[in-house]
Novice: 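Let me begin by handing over the structure; questions about it come next.
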Amino acid sequence: MDGASLSRFRTMRKLDHKRALVLFSGGQDSSISLAWALDRYAHVETVGFIYGQRHSVELGARLSVRKAMTDAFPRWAGKLGEDTLVDARGLKDLGETAMTHETAIVLGNDGLPTTFVPGRNLVFLSLSGGLAYRRNLGVLVAGMCEADYSGYPDCRETALAAQTEALRLGMDANFMLETPLMHIDKAESWRLAERTGGEKLVALINEHSHTCYRGVRAARHDWGYGCGECPACELRARGWAGYRGREAS
């Protein structure tokens, strides 16, 4: 029997939609997404990626946020499962970006910031899908946003929907993708955090998550740690100011 004939008899693999895998960098958006998932699913795991980034601060923030959430919210502790760290350093070998090399963070000739790593989120979704398939995790949760972001094309809903459909077809499995921050700005994402876990969760994410592109952890602002000058810090500061109802300083 040839492959085409066999495919007619195979049914799509039914992954468990009560079990979720969060793409978790340790930043503000993925931390809020993790809390959102823990509040909704029976079992939640996290996956992170080493892709040759300029600093390792965010990798430490991942562990700090996970521990802080389980300490502060006992009802979530029993739901939070394994964390997997995947080596994706091949992305750095493909070319120079401000996220992987010591180059200036500016707007490039193509209209995209030099922090854009081509294909990064698409690769992350593919690798996450492979892990989720093996661990029976039917829902992928990611913190991408197209309402208030740095302009990366692989953060757009259409791009992510296409990649999710490719995962469904390529693995013949019923993957779902949830992006709870997709259509809200940074201020509203803080409000989502407050609705999910109150001021305690807001303070936890403010203190333990890391967003700064330069990896600065020595300078503390009211919105968290960071250099205060890179695009990620500017977005975070503006969102925090909007959440607190004042102008960004």
Side-chain angles (χ1 to χ4, degrees), residues 20-41 43-89 99-100 115 120-121 124 127-128 131 137 140-145 180-181 186 189-228 230-237 239-240 243-244:
L21 178 64
V22 179
L23 282 68
F24 183 53
S25 69
Q28 172 189 334
D29 292 343
S30 69
S31 295
I32 294 173
S33 297
L34 174 57
W36 181 90
L38 286 167
D39 201 44
R40 283 161 178 77
Y41 296 101
H43 178 80
V44 177
E45 298 187 17
T46 54
V47 61
F49 302 92
I50 301 172
Y51 61 93
Q53 49 266 64
R54 284 166 61 165
H55 59 79
S56 61
V57 174
E58 67 181 44
L59 300 179
R62 296 178 70 256
L63 301 178
S64 178
V65 170
R66 276 179 52 100
K67 183 178 186 306
M69 281 192 183
T70 56
D71 289 347
F73 298 93
R75 71 182 186 274
W76 292 348
K79 293 183 175 184
L80 186 57
E82 291 188 31
D83 177 55
T84 301
L85 196 59
V86 178
D87 190 336
R89 277 177 282 201
M99 292 292 278
T100 56
T115 49
R120 180 181 60 171
N121 285 338
F124 288 176
L127 294 171
S128 298
L131 176 63
L137 303 164
L140 302 176
V141 180
M144 292 82 159
C145 167
L181 310 185
K186 289 291 186 286
S189 71
W190 283 117
R191 296 185 190 104
L192 175 60
E194 184 176 346
R195 291 194 298 272
T196 302
E199 283 285 348
K200 180 165 62 172
L201 180 62
V202 170
L204 184 159
I205 293 173
N206 181 292
E207 174 64 25
H208 294 283
S209 69
H210 174 81
T211 304
C212 176
Y213 286 152
R214 295 192 173 103
V216 173
R217 200 73 188 168
R220 182 67 161 93
H221 310 269
D222 60 349
W223 44 263
Y225 295 90
C227 69
C230 72
C233 284
E234 290 174 355
L235 275 173
R236 181 159 172 161
W240 181 259
Y243 167 61
R244 291 303 196 193

Novice: Do Trp240 and Lys186 have side chains that approach each other closer than 4.5 Å (heavy atoms only, starting at C-beta)?
Specialist: no

Novice: When you compare the side chain of Leu63 with that of Asp83, does any pair of heavy atoms fall below 4.5 Å?
Specialist: yes

Novice: If you compare all heavy atoms of Leu181 against all heavy atoms of Ser189, which two are closest, and at what distance to 0.1 Å?
Specialist: CD2-CB, 4.1 Å

Novice: Quick check: closest heavy atoms across Ser31 and Ser209, and the distance to 0.1 Å?
Specialist: OG-CB, 3.7 Å

Novice: Find out whether Asp39 and Arg75 are in side-chain contact, i.e. whether some heavy atom of one side chain is under 4.5 Å from a heavy atom of the other.
Specialist: yes

Novice: Indicate the atoms forming the closest heavy-atom contact of Ser33 with Pro180, along with that distance.
Specialist: OG-CG, 3.8 Å

Novice: Is His43 reaching over with its side chain to a backbone N or O of Glu45, donor-acceptor style, under 3.5 angstrom?
Specialist: no

Novice: In a table with atom names and distances, give each donor-acceptor pair under 3.5 Å that connects a side chain of residues 198-207 to protein atoms at least two apart or in another chain.
Specialist:
{"from": "Glu199", "atom 1": "OE2", "to": "Arg244", "atom 2": "NH1", "distance (Å)": "3.4"}
{"from": "Lys200", "atom 1": "NZ", "to": "Ala72", "atom 2": "O", "distance (Å)": "2.9"}
{"from": "Asn206", "atom 1": "OD1", "to": "Arg220", "atom 2": "NH1", "distance (Å)": "3.0"}
{"from": "Asn206", "atom 1": "OD1", "to": "Arg220", "atom 2": "NH2", "distance (Å)": "2.8"}
{"from": "Asn206", "atom 1": "ND2", "to": "Asp222", "atom 2": "O", "distance (Å)": "3.0"}
{"from": "Asn206", "atom 1": "ND2", "to": "Trp223", "atom 2": "O", "distance (Å)": "3.4"}
{"from": "Glu207", "atom 1": "OE1", "to": "Arg220", "atom 2": "NE", "distance (Å)": "3.3"}
{"from": "Glu207", "atom 1": "OE1", "to": "Arg220", "atom 2": "NH2", "distance (Å)": "3.0"}
{"from": "Glu207", "atom 1": "OE2", "to": "Tyr225", "atom 2": "OH", "distance (Å)": "2.9"}

Novice: Heavy atoms only: give me the nearest Cys227-Cys233 pair and the separation to one decimal.
Specialist: N-SG, 3.5 Å

Novice: Apply side-chain contact (heavy atoms from CB on, under 4.5 Å) to Leu34 and Leu80, showing your working.
Specialist: CA-CA 10 Å; Leu34 174 57; Leu80 186 57; 4.2 Å; yes

Novice: Looking at CD1 of Ile50 and CD of Glu58, how far apart are the two atoms once the value is rounded to the nearest 0.5 Å?
Specialist: 10.0 Å

Novice: Indicate the atoms forming the closest heavy-atom contact of Arg236 with Thr211, along with that distance.
Specialist: NH1-OG1, 2.7 Å

Novice: Show the nearest heavy-atom pair for residues Arg62 and Ser25, with the distance to one decimal.
Specialist: CG-O, 3.1 Å

Novice: Hey, could you give me the CG/CE distance between Leu38 and Met69, rounded to the nearest 0.5 Å?
Specialist: 7.0 Å

Novice: Indicate yes or no: at least one non-hydrogen side-chain atom of Trp190 is less than 4.5 angstrom from one of Gln28.
Specialist: yes

Novice: Hey, is the main chain of Arg217 close enough, under 3.5 Å, to the side chain of His210 for a donor-acceptor pair?
Specialist: no

Novice: Hey, what do you get for OH (Tyr41) to CH2 (Trp36), rounding to the nearest 0.5 Å?
Specialist: 4.0 Å

Novice: Are any of the side-chain heavy atoms of Leu23 and Asn121 separated by less than 4.5 Å?
Specialist: no

Novice: Out of curiosity, Leu235 CG to Tyr213 OH, how far, rounded to the nearest 0.5 Å?
Specialist: 7.0 Å

Novice: Pick from Leu137, Val141, Val44: which one makes a side chain to side chain contact (heavy atoms under 4.5 Å, CB included) with Leu21?
Specialist: Leu137

Novice: Which label fits Phe49 and Phe124: parallel for a plane angle under 30°, tilted from 30 to 60°, or perpendicular past 60°?
Specialist: parallel

